[in-house]
K.L.:
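I have a structure I would like to understand better, so I am pasting it below and will then ask my questions one at a time.
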Amino acid sequence: METSVTPTHCPYCALQCGMNLTPAAGGGVTVSERVDFPVNRGALCGKGRTAPALLSPALRLTEPLVRRDGVLVPASWEEALDRVAEGLTRTRTEHGPDACGVFGGGGLTNEKAYALGKFARVVLGTSQIDYNGRFCMSSAAAAGNRAFGIDRGLPFPMEDIPRTGCVILVGSNLAETMPPALRYLTELKQNGGTLIVIDPRRTRTAEQADLHLAPRPGTDLALALGLLHLVVSQGRTDEAYIEERTSGWEETRAAAMAHWPEYVERITGVPVPQLREAVRMFCEPDNAMVLTARGPEQQSKGTDTVSAWINLCLATGRSGKPYSGYGCLTGQGNGQGGREHGQKADQLPGYRKLTDPEARRHVAGVWGVDPDSLPGPGLSAYELLDALGSDIRSLLLMGSNPVVSAPRAAHIQQRLESLDFLAVADVVLSETAALADVVLPVTQWAEETGTTTNLEGRVLLRRQAVTPPDGVRSDLYVLHQLAARAGVEKGFPVDPEEVFEELRRASAGGIADYSGITYRRLAEENGVFWPCPAQDDQRDEQHEEQRERPRHGRGDRSQAAPHPGSPRLFLDRFGTEDGRARFAPVTYRPIAEEPDAEYPVLLTTGRVVAQYQSGAQTRRVDELNAAAPGPFVELHPRLAARLGAGEGDAIAVVSRRGRAVAPARITTSIRDDTVFMPFHWPGEGRANTLTNPALDPTSRMPEFKACAVRLETVRP
């Protein structure tokens, strides 16, 4: 008897590594290599290898829970759904539709994200919807849109990285956050290329670098401006490229020239000789890339910081050339697709703007509603969470755990507790779900089919490999049932392919155009890069106008053949109206909360290899917990000596927002004015108790990466 093998993708980070699932004797599945998928080529990290562990009923939710007399107890699906519908309806009736909030997640499939956004706007009529992807790469998205007219994590496939001459990796520890991706940097060096890593810590990734720059947290903007100053002063700009393909250079050059190297050294702590060496390494090859991650992005000036790195690429003629340019390493599994199709506060499917009348008309036509009935933009993620219990009285939350992941987390926990009604749909009883009035157990990656979009803009098909437990339903089922209880009988199918077919029509003509993508193509082609407009004659008249629009300089294609997708953007023109990339004249400003006499040390946060995001899932896997059992405070020996602290001693880290306690981990791999904490754990070691919710004015990204703290040794 032949054993069936299901090719699918990992449930965790934005690499969306390919894997094969095979039924195991006694139930469950086993993971094996899937070498045909080009992103990871069979390689998997520990999280991917152990992902099937969470399919065990012992580790996850298997029946709905409702709160009775202050305690969550099992209930039927009918009762649980009735309670959710009643809670949301009561709030709408008593306080209006905007008193209902919806909060999504970057791990939801495209189908779920699309249906959730539609549910919020069509069924609830609320503007108050956002998702935890706002905490991921929103600053890079805003900067990319500003410069290129398009936000796609990487405008080129991962396979291009080893073929460039130099990579500047800013604020990313790939060796721990995306281990299979480290091979691309190894191959880069094997091919004669060089690697520059910019990180306040000497991480496992930084150890691979030809040059490691260790700036003070929150000063990446000054560093990028200092490098651009040197590029200009050394005559390394590409004037022909600037003239032909960009706009706004004069103002940007003037802004950069105010950041001379010695000034930048005083701000960042990076010596001038290292700045000069970085410019030499970046400019000498014919091709080069800048890749950013959460380090420069999770700042109250993250958009300007990413813009400064984009400016460096544009000034040297890198963007829009083969094996060159700027890219963002998206974090969450569907952080890219999650914001393209409507669960972000200001967007409609296809990456359309909610304020654009034509976008509203198009999407409303697909949805069969009046465009004027669609609400406008709502609050961003942190602002939405901060408004809970006051302006927002009820919340439907899917696939997120803000009790652990939100900045100023103790305050957000209080806001969640102050709600009139909270419903959570999740795989596990997360710290946030434990606060809910109703908890709905939903299917996870191997128990359902759906699409995700990885960091390259490659749309992928995850396939169902196992049957979920009897008491578990899909998120699409939840939305279908809640819509029906609200009197909306149609428009919320449970079948994911049916949802995707509607998503295709809704996205047609938008920036993120999926209309030429089908489940069949995804299965046959190992994914398809967006934009991918439909190229057949089956399109309805409503979409004819969008079909004729130029598509970012890729030229005319025969209407008879399917569009091949767009693995490489900007080779002919950028996505702006005039086809030119736009420089952004930015200047340095400090972090929102600089150290002072009371709080003299900087805190920065991040991840470890064996845990993922809030840890709601990975903290339930024995093998991963054995590798990373709990939080810690990483500090330099000189700082430890001033405290009188030894390895493993309990250290209290105190900010203006709260106090966290964790064991000391003493290392020379971090600056002596900085401490590091991973953010995967709840309780007294919760790093996000400390973090600053100061928001970037453009992206509304909180400043996770830098805040002022003081340290105290906790004596037994």
Side-chain angles (χ1 to χ4, degrees), residues 9 13-18 37-41 106 133 136-172 174 177-178 180-185 187-188 193 195 205 287-297 306-307 309-310 312-314 318-340 351 452-460 511-514 526-532 552 554 564-571 574-575 581:
H9 296 273
C13 82
L15 284 180
Q16 287 296 280
C17 291
F37 186 62
V39 175
N40 63 308
R41 290 174 276 170
C136 179
M137 58 172 290
S138 57
S139 292
N145 279 323
R146 181 158 70 181
F148 308 128
I150 294 178
D151 154 40
R152 198 180 85 183
L154 296 180
F156 41 74
M158 294 285 287
E159 66 189 45
D160 285 4
I161 294 174
R163 304 167 75 176
T164 193
C166 177
V167 169
I168 299 181
L169 186 64
V170 190
S172 171
L174 275 182
T177 59
M178 296 178 172
L182 192 63
R183 67 167 54 183
Y184 290 100
L185 302 181
E187 291 170 8
L188 166 75
L195 173 64
T205 308
N287 304 302
M289 295 177 179
V290 172
L291 305 177
T292 67
R294 306 301 81 75
E297 297 162 19
V306 174
S307 289
W309 290 107
I310 292 174
L312 182 66
C313 289
L314 295 176
R318 307 298 194 178
S319 290
K321 289 175 55 179
Y323 316 124
S324 287
Y326 165 77
C328 169
L329 300 172
T330 311
Q332 295 191 78
N334 199 30
Q336 180 70 53
R339 69 182 177 282
E340 293 170 359
Y351 221 134
T452 62
T453 306
N454 80 344
L455 76 173
E456 309 165 295
R458 189 195 302 254
V459 185
L460 304 166
I511 291 173
D513 189 336
Y514 284 30
N526 247 337
V528 178
F529 291 84
W530 71 258
C532 182
H552 316 306
R554 284 181 294 280
S566 308
R568 295 173 180 86
L569 302 178
F570 314 141
L571 297 182
F574 293 97

K.L.:
What I want to find out is whether Arg458 reaches Glu159 closely enough, with some N-O distance under 4.0 Å, to be called a salt bridge.
P.N.:
no

K.L.:
Looking at NZ of Lys321 and CZ of Arg568, how far apart are the two atoms once the value is rounded to the nearest 0.5 Å?
P.N.:
15.0 Å

K.L.:
Quick one: CG on Asn287 to SG on Cys166, what's the gap to the nearest 0.5 Å?
P.N.:
11.0 Å

K.L.:
Using side-chain heavy atoms (C-beta onward) and a distance below 4.5 Å, is Trp309 in contact with Leu312?
P.N.:
yes

K.L.:
Do you know the tightest heavy-atom contact between Arg152 and Gly457?
P.N.:
CD-CA, 3.6 Å

K.L.:
Run Arg339 and Asp151 through side-chain contact (heavy atoms from CB on, under 4.5 Å) and show every step you take.
P.N.:
CA-CA 10 Å; Arg339 69 182 177 282; Asp151 154 40; 2.7 Å; yes

K.L.:
Can you tell me how far apart OG1 (Thr177) and CG (Leu182) are? Round to the nearest 0.5 Å.
P.N.:
9.5 Å

K.L.:
Gln336 and Met137: which non-hydrogen atoms are nearest, and at how many Å?
P.N.:
OE1-CE, 4.3 Å

K.L.:
Would you check if Leu455 and Met178 make a side-chain contact, meaning some heavy-atom pair closer than 4.5 Å?
P.N.:
yes

K.L.:
Working note: Gln16 + Val39, criterion side-chain contact (heavy atoms from CB on, under 4.5 Å); need CA distance, chi angles, decisive distance, verdict.
P.N.:
CA-CA 8 Å; Gln16 287 296 280; Val39 175; over 6 Å; no

K.L.:
CZ/Arg318 to SG/Cys313 distance, rounded to the nearest 0.5 angstrom?
P.N.:
8.0 Å

K.L.:
Got a second to check how far Ser319's OG is from Met289's CE, nearest 0.5 Å?
P.N.:
10.0 Å

K.L.:
Using every non-hydrogen atom in the two residues, find where Pro38 and Asn526 come nearest and quote the distance to one decimal.
P.N.:
CD-ND2, 4.1 Å

K.L.:
Kindly indicate whether the side chain of Ile161, heavy atoms from C-beta on, has any atom under 4.5 Å from the side chain of Val167.
P.N.:
yes

K.L.:
Going by heavy atoms in the side chains, are Leu571 and Pro322 under 4.5 Å from each other?
P.N.:
yes

K.L.:
Under 3.5 Å, is there a donor-acceptor pair between the side chain of Arg294 and the main chain of Leu329?
P.N.:
yes

K.L.:
Does Tyr323 offer a backbone N or O that forms a donor-acceptor pair with the side chain of Thr164 under 3.5 Å?
P.N.:
yes

K.L.:
What I'd like to find out is whether the side chain of Arg163 reaches to under 4.5 Å of the side chain of Phe156, using heavy atoms alone.
P.N.:
no

K.L.:
Between Leu460 and Asn454, is the side-chain contact (heavy atoms from CB on, under 4.5 Å) condition met? List the steps.
P.N.:
CA-CA 7 Å; Leu460 304 166; Asn454 80 344; 4.1 Å; yes

K.L.:
Closest approach of Val528 and Pro564, non-hydrogen atoms and distance?
P.N.:
CG1-O, 4.4 Å

K.L.:
Might you point out which heavy atoms bring Pro155 and Gly327 nearest each other, and give the distance in Å?
P.N.:
CD-CA, 4.0 Å

K.L.:
Within the 4.5 Å heavy-atom criterion, are Phe529 and Leu569 side-chain neighbours or not?
P.N.:
no

K.L.:
Going from CD1 on Ile168 to CG on Leu291, what distance comes out if it is rounded to the nearest 0.5 angstrom?
P.N.:
9.5 Å

K.L.:
Can you name the nearest heavy-atom pair linking Ile511 to Pro531, along with the distance?
P.N.:
O-CB, 3.7 Å

K.L.:
Check the angle between the aromatic planes of His9 and Phe37 and answer parallel, tilted or perpendicular using the 30° and 60° thresholds.
P.N.:
perpendicular

K.L.:
Between Thr205 (side chain only) and Leu174 (backbone N and O only), is there a donor and an acceptor less than 3.5 Å apart?
P.N.:
yes

K.L.:
Does the ring of Tyr184 carry Arg41 above it, NZ/CZ under 6.0 angstrom from centre and within 45° of its axis?
P.N.:
yes

K.L.:
Would you say the side chain of Thr292 lies within less than 4.5 Å of the side chain of Tyr326, judging by non-hydrogen atoms?
P.N.:
yes

K.L.:
Within the structure provided, determine whether Tyr351 and Asp513 are in side-chain contact (heavy-atom separation under 4.5 Å).
P.N.:
no

